[in-house]
Amino acid sequence: MATTRIDLDGRPIKPITICMIGAGGFIGSHLCEKLMSETPHKVLALDVYNDKIKHLLEPDSLPWAARIHFHRLNIKHDSRLEGLIKMADLTINLAAICTPADYNTRPLDTIYSNFIDALPVVKYCSENNKRLIHFSTCEVYGKTIQSFLPKDSPLRQDPACYVLKEDISPCIFGSIEKQRWSYACAKQLIERLIYAEGAENGLEFTIVRPFNWIGPRMDFIPGIDGPSEGVPRVLACFSNNLLRREPLKLVDGGQSQRTFVYIKDAIEAVLLMIENPDRANGHIFNVGNPNNEVTVRQLAEMMTKVYTKVSGEAALESPTIDVSSKEFYGEGYDDSDKRIPDMSIINKQLGWNPKTSLWDLLESTLTYQHRTYAEAIKKAMVKPTAS
Ligand SMILES: NC(=O)c1ccc[n+]([C@@H]2O[C@H](COP(=O)([O-])OP(=O)(O)OC[C@H]3O[C@@H](n4cnc5c(N)ncnc54)[C@H](O)[C@@H]3O)[C@@H](O)[C@H]2O)c1
Ligand SMILES: O=C(O)[C@H]1O[C@H](OP(=O)(O)OP(=O)(O)OC[C@H]2O[C@@H](n3ccc(=O)[nH]c3=O)[C@H](O)[C@@H]2O)[C@H](O)[C@@H](O)[C@@H]1O
């Protein structure tokens, strides 16, 4: 880097080494890209896959080739983990099972991945006095207080009953047989453990609670770069439907509300955390875009319009279809009703604000989806003729 980077307090930023676990996933790939193109930091990239970061690893002539090293490993059982954490100044843990279709159908894998497998990472950071940025989730808030109020209650209008605040809002999950909450509960317990390591043993930590970050490279398109029976998160489900010209499936009428933030905006927030440890340590941060709230039905309608624009293909006559959650996800599914992040803590500590509107982020993301997958889907949909 030609110019020295300056932190939020005007001090020069020293280049560091980052051990990034789950670097080959959606968020990891964008974070690696940002770190390589805009900073002098080094990345030890750990994952079982590297397809989403291949463009950063090859060829050897890339300008950052000496600053990123991929280590193919599964943190469940690999003795190299502690050594790699020791080699770095900071560990960022992104590894997790984080697709809702798994929470109620593979609850054991979900709990192991989000709690048990994260334990050694926390332990090695604490024992070796290494800073940790751990990725949790907005799902730790669960349902809103509002969802339990009568439909005509005036309290429903009170933001205290639905805006989610790191240091005030309760975590409200459904009953144990609603296995949807296995993920949120495991994430909550690892948050509490990290917080306790900070309080009792002085671990320097930051916890990130992403609120529906979306963009290119999120999840997979079933039958193209993932299993044909797989169910990814909503962006990829709806993209897949649009690419295949099928109606978008609205689970339980698509009434749940979400706020979506563009991955590139969110990555700016993570970089601020990385480079401003004094302002980020000891904090839990919501990272989302409160201005981009829609119901899932509205998201489907908007994606349909945007896709028509970017692909030049007319929309279907009936662009959506209702399905029950039992049919779509199976027994034990439940849902978060509404997710609006309070932004005051991240604003005060890091001065971060999201920029991109939902329309704009969908336009760039669906342009990417169309460019990346349209041809492959067309080929896959041509049925082989019997000879
Ligand atoms: N994308 C979002 O909006 C969002 C929202 C809330 C929370 N999060 C959290 O952020 C983190 C990253 O999410 P993402 O969207 O990038 O998911 P992702 O599935 O794309 O990435 C996770 C990566 O971790 C890797 N991984 C999983 N288990 C591993 C193991 N045992 N050993 C090595 N690698 C392993 C996977 O191969 C994958 O590449 C997760 O912890 C998730 O819970 C993401
Ligand atoms: O992204 C986040 O902030 C967190 O929330 C997600 O959970 P959720 O938002 O429920 O997951 P999506 O698959 O993106 O679903 C959003 C909504 O769309 C609905 N949906 C999904 C897919 C579909 O085809 N149709 C449909 O109506 C779901 O029922 C849900 O109400 C995942 O749990 C995590 O990746 C993450 O921790």
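Atoms within a ligand are numbered from 1 in the order they appear, just like the ligands themselves. These values consider heavy atoms only, across backbone and side chains, with no hydrogens, waters or symmetry-generated copies. In this chain, residues are counted from 1 in sequence order.
- Protein heavy atom closest to atom 38 (C) of ligand 1, with residue, atom name and distance, is Asp47 OD2, 3.5 Å.
- Under a 4.0 angstrom heavy-atom cut-off, Lys52 registers as lying outside contact with ligand 1.
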**Steps toward ring pair (Phe, Tyr, Trp, His ring centres under 6.0 Å) verdict (His370, Tyr307)** = CA-CA 8 Å; His370 182 67; Tyr307 192 71; 5.6 Å; yes
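- Set against the non-hydrogen atoms of Ala96, the atoms of ligand 1 under 4.0 Å away are 24 (O), 27 (C), 40 (C), 41 (O), 43 (O).
- Interatomic distance, NE2 of His71 versus CG of Leu46, reported as 6.0 Å (0.5 Å rounding).
- Ionic pairing of Asp278 and Arg11 is present here: one or more N-O contacts between side-chain nitrogen and carboxylate oxygen are shorter than 4.0 angstrom.
- Distances shorter than 4.0 angstrom occur between a heavy atom of Ser136 and an atom of ligand 1.
- Numbered from 1 in the order shown, with element, the atoms of ligand 2 that lie under 4.0 Å from a heavy atom of Tyr183 read 33 (O), 34 (C), 36 (C), 37 (O).
- Between Arg131 and Ile18, every side-chain heavy-atom pair lies at or beyond the 4.5 Å cut-off.
- Remark: ligand 1 and Gly28 share no N or O pair separated by less than 3.5 Å (distance only, no angle test).
- Residue contact check: Ser256 has heavy atoms under 4.0 Å from atoms 31 (O) of ligand 2.
- Among protein heavy atoms, atom 10 (O) of ligand 2 sits closest to Arg258 NH2, 2.7 Å.
- A chain of hydrophobic side-chain contacts below 4.5 Å, direct or via other Ile, Leu, Val, Met, Phe, Trp or Tyr residues, connects Met381 to Leu248.
- Contact annotation: Gly24 has at least one heavy atom less than 4.0 Å from an atom of ligand 1.
- The shortest N or O to N or O distance between Arg339 and ligand 2 is under 3.5 Å.
- In this structure, Arg209 satisfies the cation-pi test against Tyr141, with its NZ or CZ atom closer than 6.0 Å to the six-membered ring centre and inside 45 degrees of the ring normal.
- When each atom of ligand 2 is checked for a heavy atom of Tyr103 under 4.0 Å away, the hits are 32 (C), 33 (O), 34 (C).
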**Message:** Assess the residue pair Tyr329 and Tyr103 against the criterion (ring pair (Phe, Tyr, Trp, His ring centres under 6.0 Å)); give the C-alpha distance rounded to whole Å, side-chain angles, the decisive distance to 0.1 Å, and a yes or no.
**Reply:** CA-CA 9 Å; Tyr329 288 112; Tyr103 307 163; 8.9 Å; no
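- By the 3.5 Å distance cut-off applied to N or O atoms, Val296 is not counted among the residues near ligand 2.
- Heavy atoms of Asn212 found under 4.0 angstrom from ligand 1 belong exclusively to the backbone.
- Of the heavy atoms in Asp335, only side-chain atoms (C-beta onward) come closer than 4.0 Å to ligand 2.
- Contacts between Ala300 and ligand 2 below 4.0 angstrom, taking non-hydrogen atoms only, are absent altogether.
- Under the 4.0 angstrom criterion for non-hydrogen atoms, Arg233 is in contact with ligand 1.
- Residues Leu271 and Leu31 form no side-chain contact, since every pair of their non-hydrogen atoms from C-beta on lies 4.5 Å or further apart.
- Close approach of ligand 2 to Leu250 (heavy-atom distance below 4.0 Å) involves ligand atoms 27 (O).
- Each of the atoms 20 (O), 21 (O), 38 (C), 39 (O) of ligand 1 lies under 4.0 Å from some heavy atom of Gly25.
- Of the protein's non-hydrogen atoms, the one nearest atom 7 (O) of ligand 2 is Glu139 OE2, 2.8 Å.
- The single protein non-hydrogen atom nearest to atom 26 (N) of ligand 1 is Ala95 CB, 3.7 Å, given as residue, atom name and distance.
- Classification of Lys123 and Glu82 as a salt-bridged pair fails, no side-chain N sitting under 4.0 Å from a carboxylate O.
- Between Gly22 and ligand 1, no pair of N/O atoms sits closer than 3.5 Å.
- Under a 4.0 Å heavy-atom criterion, Tyr183 is in contact with ligand 1.
- Taking atom 15 (O) of ligand 2 as the reference point, the nearest protein heavy-atom neighbour is Val234 CB, 3.7 Å.
- Contact annotation: for Arg180 versus ligand 2, heavy atoms closer than 4.0 Å belong to the side chain alone.
- Taking distance alone, with nitrogen or oxygen atoms compared against 3.5 Å, Asp117 stays at or beyond that limit from ligand 1.
- Any N or O atom pair closer than 3.5 Å counts here, and Lys187 shares at least one such pair with ligand 1.
- Each of the following atoms of ligand 1 lies closer than 4.0 Å to a heavy atom of Leu73: 32 (N), 33 (C).
- You'll find the side chain of Arg5 stays beyond 4.5 Å of the side chain of Pro12, heavy atoms only.
- Judged by the shortest distance from any of its heavy atoms, Asp219 lies outside the 4.0 Å radius around the atoms of ligand 1.
- Residue contacts with ligand 2 for Tyr333 involve side-chain atoms from C-beta outward but no N, CA, C or O (heavy atoms, distance under 4.0 Å).
- A centroid separation of less than 6.0 Å is found between the aromatic rings of Trp213 and Phe135.
- Checked against a 3.5 angstrom limit, the closest N/O atoms of Phe211 and ligand 2 fall outside it.
- Comparing Phe328, Tyr329, Phe238 by heavy-atom distance to atom 21 (C) of ligand 2, the nearest is Tyr329.
- With ligand atoms numbered from 1 in the order given, ligand 2 contributes 4 (C), 36 (C), 37 (O) to contacts under 4.0 Å with heavy atoms of Thr137.
- Considering backbone and side-chain atoms together, Ile21 places no N or O closer than 3.5 Å to any N or O of ligand 1.
- Protein heavy atom nearest atom 25 (N) of ligand 2, with residue, atom name and distance: Lys249 O, 2.7 Å.
- Under a 4.0 Å criterion applied to the non-hydrogen atoms of Ile75, ligand 1 contributes the atoms 30 (C), 31 (N), 32 (N), 33 (C).
- Using a non-hydrogen distance threshold of 4.0 Å, Pro210 registers as a contact of ligand 2.
- Note on ring orientation: taking the six-membered ring where Trp is involved, the planes of Tyr373 and Tyr368 are perpendicular (angle over 60°, cut-offs 30° and 60°).
- At the top of the distance list for atom 27 (O) of ligand 2, counting protein heavy atoms only, stands Val251 N, 2.9 Å.
- Side-chain contact between Val121 and Leu81 is present, with heavy atoms from C-beta onward closer than 4.5 Å.
- Heavy atoms from both the backbone and the side chain of Arg233 come within less than 4.0 Å of ligand 2.
- At least one N or O atom of Cys98 sits closer than 3.5 Å to an N or O atom of ligand 2.
- Residue Asn212 places at least one N or O, backbone or side chain, under 3.5 Å from an N or O of ligand 2.
- Here the side chain of Asn292 pairs a donor or acceptor atom with the backbone of Phe260 at under 3.5 angstrom.
- In this structure, Pro100 is part of the shell of residues with a heavy atom less than 4.0 angstrom from ligand 2.
- Ion pairing between Asp334 and Arg180 fails under the 4.0 Å rule for side-chain N and carboxylate O.
- Residues Ile21 and Leu84 fall within the same hydrophobic cluster, defined by Ile, Leu, Val, Met, Phe, Trp and Tyr side chains chained together at heavy-atom separations under 4.5 Å.
- Per-residue contacts place Cys138 under 4.0 angstrom from the following atoms of ligand 2 (heavy atoms of the residue considered): 3 (O).
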